[in-house]
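Okay, so here's the structure we're looking at.
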Amino acid sequence: MIEGMQHHLQIIPISAFKDNYIWLMHNGRQAVVVDPGDAVPVLENLQHLNLTLDSILITHHHHDHIGGVDTLLNAYPEAVVYAPKLEKYAFKHRPVGEPDLVQLTTFDLQFSVIDLPGHTLGHIAYYATQADGKNLLFCGDTLFGAGCGRLFEGSPAQMYQSLQKLAALPTETQVYCTHEYTLNNIHFALSLEPNNQALVERLEQTQKIRGMNKPSLRSSIALERATNPFLRCFSPEIQSGLQLKNVDNLKVFSTMRELKNHY
Ligand SMILES: [Zn+2]
């Protein structure tokens, strides 16, 4: 290898279980994984790409996001695990929450930790700004392509506020979600907002991509703001469809979240 050769940061999805994505970030030598629910496909990728595991970022305590951590730490004992400070974990980790920073010097990246209560109470996201404006957001089970996570522990008000925080990030931010739910979410969104042209276009594009069995993700804050009903509680079309006029956006949000549970 040429000395001083720069490797571009690459971010690849690793499929796990039925519809999870474990995001793997690497610079050609070292890797970070986010929410490794299963160690087997992660180890395969690390070996195949000849990478060492540097760090693990955890967004929340659900098993499909942490199930692979122990095995990965056995294979790479030097790897540092970051996990929400408001949740309990049996594995060795550094507890983080807002406004902590996670410095990944190997990758020249600094992640801000964002508290996102709702799906779980301790849920966090990792957000890094980049010089080219294509900031990175690893948001676990809070924001999905055209959807959002279920409320297992938090209240609708908490989830609404958490999603508002993400919606306020710069529009070019690249959003790395952890489940392939996009197509189903788009169908639900279209039932609420059938005349949203951006949503109609997203359906066509996503059908094409999924037809080729490729991931519908990553997304962007701009795309989610244009198409994700849970970020569009203000939409007159959504409000009139739900017969919710002159109510606050939180009521619109909680009504949609409840409807989605039975969709
Ligand atoms: Zn979860």
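Whatever order the structure lists ligands and atoms in, that order sets their numbers, starting from 1.
Contact check on E237 versus R232 returns no salt bridge, with no Lys/Arg side-chain nitrogen under 4.0 Å from an Asp/Glu carboxylate oxygen.
Geometry note: the Zn ion (ligand 1) is the vertex, H62 ND1 and D141 OD2 are the arms, and the angle is 170° (rounded to 10 degrees).
Under a 4.5 Å side-chain heavy-atom cut-off, the cluster of Ile, Leu, Val, Met, Phe, Trp and Tyr residues that includes M212 has no other member.
A donor-acceptor pair under 3.5 Å links the side-chain atoms of Y89 to the main chain of H61, judged by distance alone.
The Zn ion (ligand 1) lies under 2.8 Å from an N, O or S atom belonging to H60. In summary, H123 places no N/O/S atom under 2.8 Å from the Zn ion (ligand 1), failing the contact criterion.
Evaluated for a side-chain contact (heavy atoms from CB on, under 4.5 Å) with L166, the options L231, T173, V175, T142 yield exactly one hit, T142.
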